**Student:** 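Let me begin by handing over the structure; questions about it come next.
Whatever order the structure lists them in is the order used to number ligands and atoms, beginning at 1. The model shown is predicted, which means the values in this text are computed figures rather than measured ones.
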Amino acid sequence: MSKRFYITTAIDYVNGQPHLGHGYEKVVTDVIARTRRSLGEDAFFLTGLDEHGQKVQQAAQKENRTPQAYCDELAADYRAFATTLNLTIDDFVRTTEPRHKAVVQAILAKLHSAGYFYKAEYRGFYSPKEETFLTEKDRRPDGTFDPSYGEVVELVERNYYFKLKDQQQWLLDYIEAHPDFIQPEYRRNEVLGFLKNNTLEDLCITRPAARLKWGIPLPFDPAYVTWVWFDALVNYITIPAAHGDPVVLEALPDLRAKFETQNSNLELWPADSHVIGKDILKFHAVYWPIMLKAMGLPLPRQLLVHGWWQKDGAKISKSTGNVVEPLKVIGEWGVDAFRYYVVRELDIGPDGNWTDAGFAARYQAELANGLGNLVNRSLSMLKRYRQGIVPKRSDELAPNAAASFTAAVENLKASRLQSALGDIWTLVTRANQYVDQTAPFKLAKDPAQSARLDEVLYNLVETCRVLAVLLWPYIPQTSERIFTQLGLASKPDHLADAAWGRLAAGHSIGDPAPLFPRKDLAAKPA
Ligand code: ME8
């Protein structure tokens with residue numbers, strides 16, 4: 001067996017329903033996972049839920065539920081969300097599962113006996129909302145703390161700390177030596193700047209169980225639970241361990257008896273890509289590598305850091321009601337319209353802005369009038385003028401298809417999803433222009449132009465087939481519908497099939513049907 005392309009999303013806090021940011025991150029990750037599979041690689045896609053910690057305990061309390069009952073109910077919603085988004089996930093991790101607890105405790109035990117932790121008293125400020133200790137450095141010039149920390153309290157408590165003092169230099173050297181480790185470049189520079197200008201403080205990795213019960217107990221001191229971030233980051237290792245990954249089990253041999261199997265050990269670690277939002281970069285670029293090195297495990301190959309969505313130019317916020325509800329949008333416009341819009345609108349890196357009018361405009365112009373119209377009129381004309389029988393091969397648009405394919409694959413391999421979509425759309429636009437230039441409806445009226453009409457029709461339906469293959473990672477349901485309408489029994493899930501000329505003369509297509517029904521432009525997504 002060989003190593004799989006292993007890609008993960010952040011695991012979402014279970015303190016509310018899935019929102020646009022969650023949906024965006026998962027779609028981006030799914031497009032990359034599907035691309036890898038379509039390129040012929042084995043990929044493994046992990047997502048899941050971050051269920052411990054104060055935020056979740058408080059959210060449960062508010063509803064008078066036990067944290068576990070609260071999490072179980074929401075976990076069902078998040079799993080359903082993954083299905084609705086048409087994600088090709090291979091596992092779904094919940095940090096309250098026994099398999100995850102076992103891995104967290106094995107890691108804590110290993111690092112504890114290796115002398116990475118010490119116990120000390122902390123006196124100072126604490127933000128319960130962010131579960132973070134604050135120092136004088138965190139004060140603003142007027143002496144207050146940023147409102148994002150919520151109410152800040154003074155605290156005296158004993159906890160376990162992870163020594164970070166000796167870890168700073170190697171991490172800095174590693175990031176300098178591996179330019180692809182943190183993408184995009186400006187996020188990498190942010191981390192380098194932080195490491196160059198600050199001395200890492202030792203990391204508090206516990207909370208007293210007397211104050212916070214909802215966490216994983218320390219295996220060597222049950223009076224404490226594990227800090228939620230130490231717990232959460234480990235999820236990326238839990239799943240390889242649970243699938244018998246030899247690299248992980250070698251580093252954590254105590255888990256062998258629990259997870260090693262005779263013949264189904266997957267090779268996953270190191271992860272090829274952790275897809276995360278910009279706000280959790282420090283946890284992934286500083287603490288996670290240090291934890292991994294201490295465990296004796298290689299670092300992930302890449303952190304792919306996306307920006308944040310706003311709505312109508314303002315922060316998305318439940319309390320102000322400025323939200324986008326992905327499930328409502330999908331219910332009204334279809335899952336592929338949602339998948340398409342988020343990737344087309346927002347490149348991986350900068351922040352983005354959702355507007356209902358922008359969504360409706362892209363739907364109408366690009367999906368309904370662009371792709372949908374091309375496929376519908378191409379197939380309808382083949383039905384009408386040639387009884388749906390594919391004429392002999394013609395290569396007029398072959399160079400356009402090849403150019404889009406080459407450019408898109410290069411961008412896809414580098415996870416430049418927005419650019420690759422642009423490359424594919426060049427072909428959509430070219431083919432629509434080709435219909436206007438060749439005017440097949442006029443050719444059809446002149447029997448002397450019959451051979452020319454055959455050529456035009458071949459170029460159009462073959463372009464539709466190529467587009468279905470190229471677009472499958474993004475809008476899989478639509479691609480599969482195009483294949484069905486073309487009368488093809490196979491799936492459009494192999495990028496190699498985007499090579500020109502696979503549609504055979506004499507093949508009989510199925511029935512065309514609109515892919516993206518036109519909507520009244522005044523209609524808005526919910
Ligand atoms: O941070 N736009 O969970 P989370 C884009 N449990 N992305 C957004 C966003 C927005 N408006 N809001 C949130 C956590 N995200 C931790 C992660 S990983 C070991 C633990 C992104 O539910 C956010 O950046 O607050 C993060 O990547 C993901 O959604 C989950 O956020």
**Student:** Inspect the contact between E157 and R211 and indicate whether a charged nitrogen and a carboxylate oxygen are less than 4.0 angstrom apart.
**Tutor:** yes
**Student:** Please step through salt bridge (Lys or Arg N to Asp or Glu O under 4.0 Å) for the pair D351 and K278, ending with a clear verdict.
**Tutor:** CA-CA 9 Å; D351 289 338; K278 62 178 186 176; 2.8 Å; yes
**Student:** Quick test of your reading of the structure: of W288, W309, Y78, whose heavy atom lies closest to atom 11 (N) of ligand 1?
**Tutor:** W309
**Student:** Which of the numbered atoms in ligand 1 are under 4.0 angstrom from any heavy atom belonging to A232?
**Tutor:** 19 (C)
**Student:** Around atom CD of E410, are there more than 12 heavy atoms of other residues, nucleotides or ligands at under 6.0 Å?
**Tutor:** no
**Student:** Just one of V14, I216, T226 clears the side chain to side chain contact (heavy atoms under 4.5 Å, CB included) bar with H52, so which one?
**Tutor:** I216
**Student:** Quick check on H306 - does any of its heavy atoms sit under 4.0 Å from an atom of ligand 1?
**Tutor:** yes
**Student:** For ligand 1 and W308, I'd like to know whether there is a polar contact (N/O to N/O, distance under 3.5 Å).
**Tutor:** yes
**Student:** Indicate yes or no: does R65 engage D72 in a salt bridge with an N to O separation below 4.0 Å.
**Tutor:** no
**Student:** Return the option from I280, I11, L20 holding the heavy atom at the smallest distance from atom 16 (C) of ligand 1.
**Tutor:** I11
**Student:** Could D90 and R37 be called an ion pair, given the rule that one side-chain N must be under 4.0 Å from one carboxylate O?
**Tutor:** yes
**Student:** Before signing off on this row, confirm whether A10 and ligand 1 have an N or O atom pair separated by under 3.5 Å.
**Tutor:** no
**Student:** With the threshold set at under 4.0 angstrom, would you say G307 reaches ligand 1 through any of its heavy atoms?
**Tutor:** yes
**Student:** Check the angle between the aromatic planes of Y78 and F81 and answer parallel, tilted or perpendicular using the 30° and 60° thresholds.
**Tutor:** perpendicular
**Student:** State whether the shortest distance between N or O atoms of G277 and N or O atoms of ligand 1 falls below 3.5 angstrom.
**Tutor:** yes
**Student:** Going by the atom numbers of ligand 1, which of them fall below 4.0 Å from some non-hydrogen atom of H22?
**Tutor:** 4 (P), 22 (O), 29 (O), 30 (C), 31 (O)
**Student:** Is there a polar contact between ligand 1 and D279, counting only N or O atoms under 3.5 Å apart?
**Tutor:** yes
**Student:** One residue to check: W229. Relative to ligand 1, which of side chain, backbone, both or neither has a non-hydrogen atom less than 4.0 Å away?
**Tutor:** side chain
**Student:** Are K119 and D221 close enough for a salt bridge, meaning some N to O gap below 4.0 Å?
**Tutor:** yes
**Student:** Check this for me, if you would: do E41 and R36 make a salt bridge, where the nitrogen-to-carboxylate-oxygen distance has to be below 4.0 angstrom?
**Tutor:** yes
**Student:** Answer side chain, backbone, both or neither: which part of D50 comes under 4.0 Å from ligand 1, heavy atoms only.
**Tutor:** side chain
**Student:** Hey, does Y13 come in under 3.5 Å of ligand 1, counting only N/O atoms on both sides?
**Tutor:** yes
**Student:** Any salt bridge linking E190 with R187? Criterion: basic side-chain nitrogen under 4.0 Å from a carboxylate oxygen.
**Tutor:** yes
**Student:** Decide whether an N or O pair under 3.5 Å exists between E25 and ligand 1.
**Tutor:** yes
**Student:** Heavy-atom contact check, 4.0 Å cutoff: does K315 meet ligand 1?
**Tutor:** no
**Student:** Ligand 1 and Y24, any nitrogen or oxygen pair closer than 3.5 angstrom?
**Tutor:** no
**Student:** So is Y236 in contact with ligand 1, going by heavy-atom distances below 4.0 Å?
**Tutor:** yes
